[in-house]
*Asks:* 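First, the structure itself, so that you have it in front of you.
Computed from a prediction, not measured in an experiment: that's the story for all the values here.
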Amino acid sequence: MDKLKQVLSGQDDGGDGGSSGILERANRATTLACGTRVKGFAICFILGAVCSILGACLLWIPGVGLIVFAVLYSAGNVCALGSTMFLIGPWKQLKSMCAKERFFATIIMLVCLALTLCSAFWWKNKGLALLFCLLQFIAFTWYSLSYIPFIRDAIIKLFKLSM
């Protein structure tokens with residue numbers, strides 16, 4: 001923390017005579033230890049799961065249930081997605097999300113997340129909110145499975161065999 005304060009106040013030259021930029025020095029000062037990364041991941045992921053489950057439980061509250069559900073479910077998905085940033089860092093996470101094998105699932109998930117909130121706040125349509133949450137869940141699952149080698153190919157083959 002002291003290193004971060006020094007960098008942000010401009011008192012630290014980073015040990016290189018001031019040739020590196022402030023963003024590079026701030027990045028070095030804010031690097032998390034491995035244990036801290038794992039704890040951050042676990043806390044963020046569990047918080048996301050709790051938000052999603054709590055949102056699903058509160059859906060049936062008369063009047064405000066839909067809005068509470070949409071907000072908590074979407075916040076839970078954002079927390080769960082953001083939890084991996086603790087493990088690999090935000091820049092790598094964004095690059096990974098935009099990789100060709102994940103790009104389509106990422107776009108679908110983010111669009112469905114926005115449409116879930118729109119259907120709750122502006123359109124006030126429970127059916128649409130549930131549909132977009134289901135699509136959000138499927139896209140998030142497909143996105144997550146892309147990190148396991150060959151699993152998506154196996155799932156596609158399984159569905160082709162069953163048809």
*Asks:* Run the side-chain contact (heavy atoms from CB on, under 4.5 Å) test against L135 and tell me which residues pass, sequence neighbours left out.
*Replies:* C112, L131, F132
*Asks:* What are the two closest non-hydrogen atoms of N125 and G127, and how far apart are they?
*Replies:* OD1-N, 3.1 Å
*Asks:* Under 4.5 Å between side-chain heavy atoms, chaining through other members, with only Ile, Leu, Val, Met, Phe, Trp and Tyr counted: pull out the rest of the cluster around F159, sorted by chain and number.
*Replies:* W142, L145, I148, I151, I155, I156
*Asks:* Would you call Y147 and T84 a side-chain contact if the rule is heavy atoms closer than 4.5 Å?
*Replies:* no
*Asks:* Who else is in V64's hydrophobic cluster (ILVMFWY, side-chain heavy atoms under 4.5 Å, direct or via others)?
*Replies:* L54, L58, I61, V68, L72
*Asks:* G76 and C51: which non-hydrogen atoms are nearest, and at how many Å?
*Replies:* CA-CB, 3.7 Å
*Asks:* Apply the hydrophobic cluster definition, ILVMFWY joined by side-chain contacts under 4.5 Å directly or through others, and give me every member besides M85.
*Replies:* none
*Asks:* Answer with yes or no whether the hydrophobic clustering places L94 together with L81; edges join I, L, V, M, F, W, Y residues whose side-chain heavy atoms lie under 4.5 Å apart.
*Replies:* yes
*Asks:* side-chain contact (heavy atoms from CB on, under 4.5 Å) with A99: which residues, sequence neighbours excluded?
*Replies:* E101, R102
*Asks:* Could you give all pairs that pass the side chain to side chain donor-acceptor pair (under 3.5 Å) test and reach residues 51-60, with sequence neighbours left out?
*Replies:* none
*Asks:* Closest heavy-atom contact between F69 and G55?
*Replies:* CD1-O, 3.0 Å
*Asks:* Nearest 0.5 angstrom please: W123 CH2 to L128 CG, how far?
*Replies:* 6.5 Å
*Asks:* Between L32 and R37, which heavy-atom pair has the shortest distance, and what is it?
*Replies:* O-NE, 3.3 Å
*Asks:* Return the set of residues passing ring-ring contact (aromatic ring centres under 6.0 Å, His included) with F104 (not counting sequence neighbours), or none when no residue passes.
*Replies:* none
*Asks:* Could I get the full list of side-chain contact (heavy atoms from CB on, under 4.5 Å) partners for V111, not counting sequence neighbours?
*Replies:* I107, L115
*Asks:* Going by the rule side-chain hydrogen bond (donor to acceptor under 3.5 Å, both in side chains), which residues pair with S74 if we only count those two or more places apart in sequence or in a different chain?
*Replies:* none
*Asks:* List for me each residue that meets ring-ring contact (aromatic ring centres under 6.0 Å, His included) alongside F45, sequence neighbours excluded, and say none if there are none.
*Replies:* F41
*Asks:* Take Q93 and L87, measure what side chain to side chain contact (heavy atoms under 4.5 Å, CB included) needs, and give me the verdict at the end.
*Replies:* CA-CA 9 Å; Q93 173 70 19; L87 295 178; over 6 Å; no
*Asks:* Less than 4.5 Å apart, side chain to side chain, heavy atoms only: is that true for N77 and M109?
*Replies:* no
*Asks:* Could you go through the side chain to side chain contact (heavy atoms under 4.5 Å, CB included) check for I108 and Y143 one step at a time?
*Replies:* CA-CA 10 Å; I108 296 293; Y143 169 84; over 6 Å; no
*Asks:* Just jot down the side-chain contact (heavy atoms from CB on, under 4.5 Å) partners of L66, sequence neighbours excluded, or say none.
*Replies:* L59, A120, K126, A129
*Asks:* Would you name the heavy atoms of C79 and G48 that are closest together and state the gap between them?
*Replies:* CB-CA, 3.6 Å
*Asks:* F140: what forms a ring-ring contact (aromatic ring centres under 6.0 Å, His included) with it, not counting sequence neighbours?
*Replies:* none
*Asks:* Work out which heavy atom in A70 is nearest to a heavy atom in L117; give both atom names and the distance.
*Replies:* O-CD2, 3.6 Å
*Asks:* Are any of the side-chain heavy atoms of K124 and I67 separated by less than 4.5 Å?
*Replies:* yes
